[in-house]
A.B. asks: 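Right, I'll just put the structure down here and ask away after.
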Amino acid sequence: MTRMFGTDGIRGTANVEPMTPETALALGQAVVEVLYPTATAAEPCVVVGRDTRQSGPMLEAALTAGLYSAGINVLNVGVLPTPGVAYLTRAVGALAGVMISASHNPYEDNGIKIFCTAGTKLDDALEDAIEARIHSLSSDTRPTGKGIGTPLASADSTQRYISFLKSTFRPSTPLTLHIGLDCANGAAASVAPALFEQLGMQVKMWHASPDGVNINQQCGALYPEFLQQKVRDEKLDLGFAFDGDADRLIAIDHTGGILDGDYILAICAQAMLKQELLFPPVVVNTVMANLGLEHALRKQGIVVHQTQVGDKYVMQAMHQHGAVLGGEQSGHIIFLNHHTTGDGLLTAIQVLNAVSTQRTSLAELAQVLYKFPQVLINVVLYQRDDPLNYPQVQHALQQAEDALGDDGRVLVRLSGTEPVARVMVEGPEQALIEPLAQGIAQAIASELGPV
């Protein structure tokens, strides 16, 4: 049986298993039955939030009903970024936090992410226990009467989250910048405009009018070219592009340079090191990080540890190595001295702190990293299977590795959140790596593509 949980919760087409109201209802009950024995609060509650997708209220209603039927009160915060749900879970001492979002996926999809009481994503063992419980639920022990859960007031949830974010803004010199925001018609629209205006920034804003179907639609962190052009046209100092649930960030400098998570890690690591905030001098990234990032960090005396893709695995490695900074090329950045999960809004503030600390432009700060040429190809799979199981793919992979030798690397992996295989080839020259990546992608399409 295919595992229900992927690298970032449960995800799929809304109203198709497993993203159905029936499964959401059972999931709410299973979360309580698995996590309640570890609860310490006298009256435990669960924080529930969502992004702006049309299917969000449907799944929210079903999930919340499941929680109520299991005897748990619910703090429903409505539309809020994923890291906002994680923050409030920790702040109110909730049993768990649940975010209904498919992050960067198109609006037809939806997903469910679960946080434990500490505001961190569940480990694989707990996810497996919840999934197993879904298939063995019983109505015999459900509470009745006053034992049924009730809704809790959540009027100040958004402002509490904004106040938390503002508390991490500590410029070493006065800072007023003209910035552009691309809210991806997602959850950032409920927070970002007010946040950056309260920080004293001059704000230009785009894609902050969600209608249920326009989330991530040619905008936000997945399509930074839009904000790139706006920053140039409006002569802004910098820009911040978020994804649908605002847990990742892509930055734009004043020249229009697109700065992904690798750049942001390098910039923030340098600033934190100079402020003696990077202690120990360790950064965690994933196998998708550009080789140039490792070179840039090691040059500054920073130890680098790599882990598999997924911000929860980054977090686990950070705990293992005592790191306070880690993240992914996609823009999930974790500042463990501030928060327990990747947060695009928090990351934007830390970029502003770095600009202030270094007293220079974001474009100048980005010079700390020289990226090796890299090609990334996503191959849509019509049969979900690990491409490395197929001899033709193995042969293409071996040919690429032989051609690169010690001057590059090749990575082929099955996405944990989408029905695609990801091919990444890195090397000294674009002209060399492009055909190698295409060859692997064609082999995967031949084996796992349409009949």
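Because only heavy atoms are used, hydrogens play no part in the values below, and waters and symmetry mates are left out as well, while side chains stay in. Remember, predicted model here, so these are calculated numbers, not experimental data. Sequential numbering from 1 along the given sequence is applied to the chain's residues.
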A.B. asks: Just jot down the ring-ring contact (aromatic ring centres under 6.0 Å, His included) partners of F240, sequence neighbours excluded, or say none.
C.D. replies: F196
A.B. asks: Applying salt bridge (Lys or Arg N to Asp or Glu O under 4.0 Å), name anything that partners E127, two or more places apart in sequence or on another chain.
C.D. replies: R3, K312
A.B. asks: Which pairs with one or both residues in residues 372-381 pass side chain to side chain donor-acceptor pair (under 3.5 Å), sequence neighbours excluded?
C.D. replies: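 Output for this query lists Q329-Q374, Q374-E426, N378-R422.
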A.B. asks: May I ask you to test the I114-I112 pair for a side-chain heavy-atom distance under 4.5 Å?
C.D. replies: yes
A.B. asks: Does this structure show an ion pair linking K113 with D247, if we count only N-O contacts that are shorter than 4.0 Å?
C.D. replies: yes
A.B. asks: Just grab all the ring pair (Phe, Tyr, Trp, His ring centres under 6.0 Å) pairs involving residues 165-187, residues at least two apart or on different chains.
C.D. replies: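 Those involving residues 165-187 do not exist here.
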A.B. asks: Could you name each residue pair satisfying salt bridge (charged side-chain N to carboxylate O under 4.0 Å, His left out) that touches residues 183-208, not counting sequence neighbours?
C.D. replies: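 Every pair satisfying salt bridge (charged side-chain N to carboxylate O under 4.0 Å, His left out) with a residue in residues 183-208: K204-E234.
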A.B. asks: With a 4.5 Å limit on heavy-atom distance, are the side chains of T307 and Q320 in contact?
C.D. replies: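 With C-beta onward as the side chain, the pair stays apart.
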A.B. asks: Enumerate donor-acceptor pairs with a distance under 3.5 Å from any side-chain N or O in residues 358-369 to protein atoms, sequence neighbours excluded.
C.D. replies:
residue	atom	partner	partner atom	Å
Q358	NE2	Q270	OE1	3.1
S361	OG	E364	N	3.1
Q367	NE2	A363	O	3.4

A.B. asks: Please, which pairs that meet ring pair (Phe, Tyr, Trp, His ring centres under 6.0 Å) have at least one residue in residues 312-336, sequence neighbours excluded?
C.D. replies: H305-H321
A.B. asks: For Q202 and T176, which I'm curious about, is there any donor-acceptor pair between the side chains at under 3.5 Å?
C.D. replies: no
A.B. asks: Among residues two or more places apart or on two chains, list those pairs meeting salt bridge (charged side-chain N to carboxylate O under 4.0 Å, His left out) that have a residue in residues 253-272.
C.D. replies: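 Counting only pairs at least two positions apart or across chains, the salt bridge (charged side-chain N to carboxylate O under 4.0 Å, His left out) contacts touching residues 253-272 are D260-K371, D262-K371.
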A.B. asks: With salt bridge (charged side-chain N to carboxylate O under 4.0 Å, His left out) as the criterion, how do D311 and K121 come out once you've worked through the C-alpha distance, each side chain's angles and the decisive distance to 0.1 Å?
C.D. replies: CA-CA 9 Å; D311 61 337; K121 292 179 180 176; 3.0 Å; yes
A.B. asks: So, do L259 and I267 sit near enough that their side-chain heavy atoms are less than 4.5 Å apart?
C.D. replies: yes
A.B. asks: Filter on salt bridge (charged side-chain N to carboxylate O under 4.0 Å, His left out), then keep only pairs touching residues 282-300, sequence neighbours left out; what's left?
C.D. replies: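 Residue pairs with at least one partner in residues 282-300: E294-R298.
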A.B. asks: How would you list all residue pairs meeting ring pair (Phe, Tyr, Trp, His ring centres under 6.0 Å) that involve residues 243-297, not counting sequence neighbours?
C.D. replies: H295-F372
A.B. asks: By the ring pair (Phe, Tyr, Trp, His ring centres under 6.0 Å) test, which pairs, at least two apart or in different chains, include something from residues 336-362?
C.D. replies: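 Ring pair (Phe, Tyr, Trp, His ring centres under 6.0 Å) check on residues 336-362 returns F164-H339.
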A.B. asks: Can you give me every donor-acceptor pair (side chain of residues 429-440, partner residue at least two apart or in another chain, under 3.5 Å) with its distance?
C.D. replies:
residue	atom	partner	partner atom	Å
Q430	NE2	E434	OE1	3.4

A.B. asks: So, N216 versus H104: side-chain donor-acceptor pair below 3.5 Å or not?
C.D. replies: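 Side-chain D/A pair, N216 to H104: absent.
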